[in-house]
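Position 1 is the first residue of the sequence, and the numbers go up from there.
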Amino acid sequence: MLAVLTQAGNASSVHREGRRARAEIEAARESLARLVKTQPKNVYFTSGATEALNLALTPELELDGNKTPFDVLLVSAGEHAGVLQGHRFPATAIEKLPLTTAGVLDLAALDAALARHAGQRVLLALQAANNETGVVQPVAEAAARVHAAGGALVCDAVQAAGKAACDFAALGTDILVLSAHKIGGPQGAGALCFANGRHHIADTIVRGGGQERGLRAGTENVAAIAGFAAAVEGVAEAGASEIARLARLRDRLERDVLVSAPDVVSFGANVARLPNTANFAVPGVGAEVLLMALDLEGVAVSSGSACSSGKVKRSHVLEAMGVPSALAEGAIRVSLGWSSEEDDVDMFRIAFAKAVETIRSKRVKPAA
Ligand code: PLP
């Protein structure tokens with residue numbers, strides 16, 4: 001990525017520098033295609049997953065040569081804002097599907113919605129794994145149901161990439177969306193990937209010079225795309241051993257939390273979830289206070305849902321799981337990644353124990 005930053009070529013130019021930039025992009029497209037198991041020509045680079053989701057979630061999406069517009073968008077209640085706010089369907093055409101208390105899409109509710117919309121063309125947006133709880137979603141099962149009803153599925157695989165199954169063969173989805181910065185790549189690069197070649201989007205968003213075969217105009221961010229590909233190669237190389245390493249670190253972290261706060265409540269921990277995510281609340285300990293106390297110790301964690309203003313916002317995911325709001329307000333999310341080590345987990349254990357003790361000792365005791 002750093003080498004590409006020093007090269008000036010525009011990938012649309014025919015001179016040598018341009019051809020070199022083009023070669024970088026096409027090599028990156030091949031890396032992405034290998035990861036998700038599709039053809040390189042089915043991969044489009046965007047500025048991130050949010051843009052890719054905005055682009056895909058339109059009634060005008062054409063798949064398998066089918067030009068009939070989608071009538072209905074079903075979304076799971078735990079989707080990222082890039083889906084919930086980013087789709088381009090009219091408000092009357094959206095239906096939110098509930099999560100179970102474990103944080104998994106309720107497949108019975110999906111069946112009921114598909115039956116209600118029989119005769120209509122349905123698009124389902126379902127993430128591969130949730131960004132707050134790490135809970136893995138039943139994408140293959142949902143895809144089978146949606147396809148049987150003549151519909152299609154868009155899967156936000158941003159969190160699952162490198163940490164769980166994330167390819168067309170395993171997930172059975174029609175579209176996969178990825179983001180570079182969740183797998184160690186740069187911020188500001190994403191991909192929209194199709195399972196097969198017969199696709200089109202008439203109402204594209206970024207229009208202009210026809211780059212990315214007309215789906216996403218604008219001079220390509222070659223360095224970011226090269227960084228994205230490097231991260232994809234890293235993920236592919238690390239494979240299952242990295243997943244096992246992360247799970248060991250996360251499980252240790254959760255055991256440490258239990259020692260300093262035996263009354264801790266974990267969310268999403270009883271079902272299949274990503275190896276790098278822990279989401280929990282300590283009753284009576286607010287997320288904001290805990291976050292700040294940990295930050296002072298050099299530990300960076302998130303609340304259930306950090307909104308762009310930096311304020312702690314109520315988590316729509318925990319709400320959809322039926323977690324009482326008093327408890328949900330204390331939820332913090334600890335994410336581990338490729339650079340996390342045993343030392344980091346040690347540092348967290350010490351900082352967390354200190355923070356909980358300090359916060360609890362300052363709490364006003366109820367009158368006897
Ligand atoms: N989807 C999920 C599940 C995410 O966690 C994120 C980012 O946090 C996004 C989409 C948005 O990705 P980007 O930041 O590339 O727009």
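With rounding to the nearest 0.5 Å, the separation of CG in Asp344 from CZ in Arg349 is 12.5 Å. Here the CZ atom belonging to Arg116 is positioned 9.0 Å from the CG atom belonging to Leu114, to the nearest 0.5 angstrom. A distance of 9.5 Å separates CG in Leu318 from CZ in Arg333, rounded to the nearest 0.5 Å. Annotation: the span from Gln120 atom CD to Asp71 atom CG amounts to 5.0 Å, rounded to 0.5 Å. Taking CG of Asn130 as the reference point, atom CG of Leu99 lies at 7.5 Å (rounded to 0.5 Å). How far NZ of Lys37 is from CG of Leu176: 11.0 Å, rounded to the nearest 0.5 Å.
At least one side-chain heavy atom of Cys193 sits less than 4.5 Å from a side-chain heavy atom of Val43. No side-chain heavy atom of Phe352 sits under 4.5 Å from any side-chain heavy atom of Val334. Contact of the Val83 side chain with the His87 side chain is not registered, since no non-hydrogen atoms from C-beta on lie closer than 4.5 Å. Looking at heavy atoms from C-beta onward, Glu212 lies in side-chain contact with Glu220 at the 4.5 angstrom threshold. Proximity of Val265 to Phe280: side-chain heavy atoms (C-beta onward) are nowhere separated by under 4.5 Å.
In this structure, His15 contributes its side chain and Gly18 its backbone to a donor-acceptor pair below 3.5 Å. Between the side chain of Glu30 and the main chain of Pro40, no donor-acceptor pair closer than 3.5 Å is present. Side chain of Asp295 to main chain of Leu291: no donor-acceptor pair is present (N/O by atom type, distance under 3.5 Å, no hydrogens or angles). Judged by distance alone, with hydrogens and angles left aside, the side-chain atoms of Thr58 form no donor-acceptor pair with the main-chain N or O of Leu55 at under 3.5 Å. Between the side chain of Thr38 and the backbone N or O of Phe194, at least one donor-acceptor pair lies under 3.5 Å. A distance-only check finds no donor-acceptor pair linking the side chain of Thr204 to the backbone of Val206 [under 3.5 Å]. At least one donor-acceptor pair under 3.5 Å links the side chain of Gln137 to the backbone N or O of Gly103. Between the side chain of Arg198 and the backbone N or O of Asn66, no donor-acceptor pair lies under 3.5 Å. In this structure a side-chain-to-backbone donor-acceptor pair under 3.5 Å is present from Arg250 to Thr277. Remark: the backbone N or O of Glu132 is paired with a side-chain donor or acceptor of Asn279 at under 3.5 angstrom.
Salt bridge present: Arg273 and Glu254 bring a charged side-chain N and a carboxylate O closer than 4.0 Å. Between Glu357 and Lys354, none of the side-chain N atoms (NZ, or NE/NH1/NH2) sits under 4.0 Å from a carboxylate O, so this pair counts as no salt bridge. Between Lys96 and Glu79, no side-chain nitrogen of the basic residue sits less than 4.0 Å from a carboxylate oxygen of the acidic one, so the salt-bridge criterion is not met. For Glu62 and Lys67, the salt-bridge test passes: some basic side-chain N is under 4.0 Å from an acidic carboxylate O. Remark: Glu60 does not engage Arg88 in a salt bridge, criterion side-chain N to carboxylate O under 4.0 Å. Under a 4.0 Å N-O distance rule, the pair Asp251/Arg255 does not qualify as a salt bridge.
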Check against side-chain contact (heavy atoms from CB on, under 4.5 Å), His147 and Asp174: CA-CA 10 Å; His147 288 151; Asp174 301 279; 2.7 Å; yes
Given the rule in the side-chain contact (heavy atoms from CB on, under 4.5 Å) test, do Leu249 and Leu253 qualify, once you have shown the distances and angles that lead to the verdict? CA-CA 6 Å; Leu249 287 181; Leu253 185 143; over 6 Å; no
Could you give me the CA-CA distance, side-chain angles and deciding distance for Glu26 and Arg29, then say whether salt bridge (charged side-chain N to carboxylate O under 4.0 Å, His left out) is met? CA-CA 5 Å; Glu26 297 316 318; Arg29 212 184 299 284; 2.8 Å; yes
Working note: Val257 + Phe348, criterion side-chain contact (heavy atoms from CB on, under 4.5 Å); need CA distance, chi angles, decisive distance, verdict. CA-CA 9 Å; Val257 164; Phe348 176 86; 3.6 Å; yes
Stepwise side-chain contact (heavy atoms from CB on, under 4.5 Å) test for Leu153 and Arg145: CA-CA 10 Å; Leu153 196 150; Arg145 285 162 157 87; over 6 Å; no
Would His80 and Gln159 count as a side-chain hydrogen bond (donor to acceptor under 3.5 Å, both in side chains) if you check the C-alpha gap in whole Å, the side-chain angles of each, and the deciding distance to 0.1 Å? CA-CA 10 Å; His80 187 269; Gln159 294 288 337; over 6 Å; no
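Ring orientation note: the planes of His199 and Tyr44 are nearly perpendicular, at an angle over 60° on the 30°/60° scale.
Checking each of Leu123, Val122, Ile94 against Leu74 for a side-chain contact (heavy atoms from CB on, under 4.5 Å) leaves exactly one that passes, namely Val122.
One hydrophobic cluster, built from ILVMFWY side chains closer than 4.5 Å, cannot hold both Leu110 and Val154; they sit in different ones.
Take Glu51 and apply the side chain to side chain donor-acceptor pair (under 3.5 Å) test, not counting sequence neighbours, and it matches Ser47, Arg216.
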